[in-house]
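Notes follow once the structure below has been shown.
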Protein chains: 2
Amino acid sequence: MKAFHSYQNPSLAVDLVVFGYSKQQLAVLLLNRKEEPFKDCWVLPGAFLQMEERFRDTCSRVLKTKLGMDDVYMEQLYSFDEPERDPRGRAIAVAYYALVNPARVAISAGNMANDVAWFNIKELPKLGFDHHAIFEIALQRLRSKIAYFPVGFELLDELFTMPELHELYECILDTTIDRRNFRRKILDSAYIINTGNKREGAQNRHPDLYKFNKKLKKNSFQINV
Amino acid sequence: MKAFHSYQNPSLAVDLVVFGYSKQQLAVLLLNRKEEPFKDCWVLPGAFLQMEERFRDTCSRVLKTKLGMDDVYMEQLYSFDEPERDPRGRAIAVAYYALVNPARVAISAGNMANDVAWFNIKELPKLGFDHHAIFEIALQRLRSKIAYFPVGFELLDELFTMPELHELYECILDTTIDRRNFRRKILDSAYIINTGNKREGAQNRHPDLYKFNKKLKKNSFQINV
DNA sequence: TTATCTTTGCGTCAGAATAACACAAAGCTT
DNA sequence: AAGCTTTGTGTTATTCTGACGCAAAGATAA
């Protein structure tokens, strides 16, 4: 990262909006910057592209170093090019969003201290650079995507119950959805499969455990908001 | 464009998929390359980012020089980073798609000769670089977008008839749509306004002339394929 | 002028999809 | 065993959709 300013071409970085769902809350992973500019500000994790590295590889590298994670679902979001977005000079950012299950993530001890943290999306701090705009677009994309395509299970355990999936949707879409109508739509789409087992130790009636159906019957459904 | 290879950062270009609709055909604008690599191949128009230039500005510059056009509807599509996509070296392309009304376009005389041309999307030549992949993604995006959001009028004259809009949809979605059901859906969405005038000189019954409604009642509709 | 044809505008109707809601079974607590 | 909460499974009224009929407007030809 020695020559940040290339005189010919803008610098090229990847910024990541990492969503995690835990305890009925949607959270995003932020990093506390230790350098100027935006020292001590919270920002999205990111990195400059290395030679011969693809966007996806850069993302994986960040996820591995910051979170110790492999095999994360991610999708390209948008490329940001406002000339003033980085006070150091012209910098292009290709934004990706990722979905992870925080339960499976071991944030490395070194970072755990206080420079990496999950924030509830409704209680975000002020973010450095243009990262708030990036976050907003990511949230918007996640919301529209989850309404018609099965990405929700990326945020849940391998086995999950119908109420858990239902709560996830209500949380992400920030609305109430009729439990019974939701159930019908999801089951009709064959997006999930009933394993026949039940979640033991639940509070009252033990709900059925489902898993994601890798071969979808329909390739889409529609949860209206 | 002197230093194509920046040793630190990949070169950064914009590629444009320009769609035009004319004579009941959807066409895309291609350029015949005069230099290596891919000399004499058809490619998407594009340009390298200049200092302090934003993606959108680069697009406008290309549209202005190649087509003599201003004020074109465009939208960012995706950023391409395959290391092998440009044989000269690492090159990132930010792809945009644009919608124009060819009737309003005067391709400048110099280019008109034989290096810029419209191609029906069903009769595309072999394209240089990874431009076929870019085109495919653009077409896919246009199709999904037009099915739920009013972008079609960008391809038509300011005043248009219901049969014209209907044909546009059938052409882009590459399917047949019941004329009467289409009419109902579009009118229900309040996406267009009946001007009260009729297209004179039409073959038989003179159809009503509509215009785009800038203040939409509903912000979406759904034309199913 | 009248008959005929094509195109366009408007309406109907059966079936599907949806929203709102009732109810019972399963598992806790007392 | 009674009462509570949670979960699974209906039911019903309404809306939406797809398939289609029909008449008005304009052109053409007898």
Side-chain angles (χ1 to χ4, degrees), chain A residues 23-24 146-148 152 156-157 159-171 173 175-211 213 216-225, chain B residues 23-24 146-148 152 156-157 159-171 173-211 213 217-225:
Chain A
K23 302 194 185 86
Q24 297 169 41
I146 204 173
Y148 76 91
L156 298 173
D157 293 333
L159 298 180
F160 52 89
T161 68
M162 188 62 80
E164 283 164 9
L165 189 65
H166 177 239
E167 265 171 356
L168 172 68
Y169 271 77
E170 287 198 329
C171 177
L173 296 176
T175 183
T176 57
I177 306 170
D178 184 274
R179 179 176 68 83
R180 294 146 296 186
N181 293 335
F182 174 79
R183 173 191 191 75
R184 177 167 37 83
K185 275 200 183 179
I186 295 291
L187 288 180
D188 282 356
S189 78
Y191 153 16
I192 58 177
I193 301 172
N194 194 324
T195 62
N197 301 321
K198 297 187 180 293
R199 168 139 299 162
E200 302 302 331
Q203 305 232 315
N204 289 298
R205 180 171 179 171
H206 298 176
D208 296 354
L209 282 169
Y210 291 86
K211 62 179 179 182
N213 182 3
L216 280 176
K217 196 169 64 178
K218 299 164 69 174
N219 53 7
S220 84
F221 49 89
Q222 184 62 49
I223 306 293
N224 297 314
V225 290
Chain B
K23 302 195 184 84
Q24 297 168 41
I146 205 173
Y148 76 91
L156 298 173
D157 293 333
L159 298 180
F160 51 89
T161 67
M162 188 62 79
E164 283 164 8
L165 188 64
H166 177 239
E167 264 170 357
L168 172 68
Y169 271 77
E170 288 198 329
C171 176
L173 296 176
D174 195 27
T175 183
T176 57
I177 306 171
D178 184 275
R179 179 175 69 81
R180 294 147 294 185
N181 294 336
F182 174 80
R183 174 189 191 76
R184 186 186 40 199
K185 276 199 182 178
I186 295 292
L187 289 180
D188 282 355
S189 79
Y191 153 16
I192 59 176
I193 301 172
N194 195 324
T195 62
N197 301 321
K198 295 185 182 292
R199 167 139 299 162
E200 302 300 334
Q203 304 233 317
N204 290 298
R205 179 169 179 173
H206 297 176
D208 295 354
L209 282 170
Y210 291 86
K211 63 179 178 182
N213 181 3
K217 195 170 63 178
K218 299 164 68 173
N219 53 7
S220 83
F221 48 89
Q222 185 62 48
I223 305 293
N224 297 314
V225 291

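This structure is a prediction, so every number in the text was calculated from the model and none was measured. Naming convention: chains lettered A, B, ... in sequence-line order (proteins, then strands); numbering from 1 in each chain.
- For B:Arg183 and C:dC10, the shortest distance from a side-chain N or O to OP1 or OP2 is below 4.0 Å.
- B:Asp188 has its CG atom 13 Å from the P atom of D:dT15, to the nearest Å.
- Of the possible donor and acceptor atoms, one in the side chain of A:Asn213 sits under 3.5 Å from a partner among the backbone N and O of A:Ala190.
- We find that CZ of A:Phe182 is positioned 19 Å from P of D:dG10, with the value rounded to whole Å.
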Return the polar atom pairs (N/O with N/O) between nucleotides 15-18 of chain C and the protein under 3.5 Å, or none.
none

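- Within the 3.5 Å criterion, the main-chain N or O of B:Ile177 finds a donor-acceptor partner in the side chain of B:His166.
- Taking each heavy atom of B:Pro207 and B:Thr161 in turn, the nearest pair found is CG-CG2, 3.6 Å.
- Going from atom CZ of A:Arg199 over to atom C1' of D:dT6 covers 14 Å, rounded to whole Å.
- Here the closest heavy-atom approach between residue B:Leu159 and residue B:Arg199 is recorded as O-NH2, 3.6 Å.
- For residues 200-208 of chain A, proximity to DNA chain C is found at A:Gln203, A:Asn204, A:Arg205, A:His206, defined as any non-hydrogen atom under 4.0 angstrom from a strand atom.
- Between A:Arg179 atom CZ and C:dC21 atom P there is a gap of 14 Å when expressed in whole angstrom units.
- Computed from coordinates, the B:Asp178 CG to D:dT17 C1' distance equals 11 Å when rounded to whole Å.
- Atom pair A:Ile186:CD1 and D:dG8:C1' shows a separation of 16 Å (rounding to whole Å applied).
- Two residues are said to be in side-chain contact when any heavy atoms from C-beta on lie closer than 4.5 Å; A:Asn181 and A:Arg184 meet this criterion.
- Checking side-chain atoms of A:Asp178 against main-chain N and O of A:Arg180 turns up a donor-acceptor pair under 3.5 Å.
- As rounded to whole Å, 20 Å separates atom P of D:dA24 from atom CE of B:Met162.
- Rounded to whole Å, the distance from CG on A:Leu209 to C1' on C:dA26 is 15 Å.
- With a 4.5 Å cut-off on side-chain heavy atoms, A:Leu165 and A:Tyr191 count as touching.
- A pairwise comparison of heavy atoms in B:Glu170 and B:Thr176 identifies OE2-CA, 3.3 Å as the closest pair.
- Neither OP1 nor OP2 of D:dG10 sits under 4.0 Å from any side-chain N or O of A:Arg180.
- Between A:Ile192 and A:Phe160 there is a side-chain heavy-atom pair separated by less than 4.5 Å.
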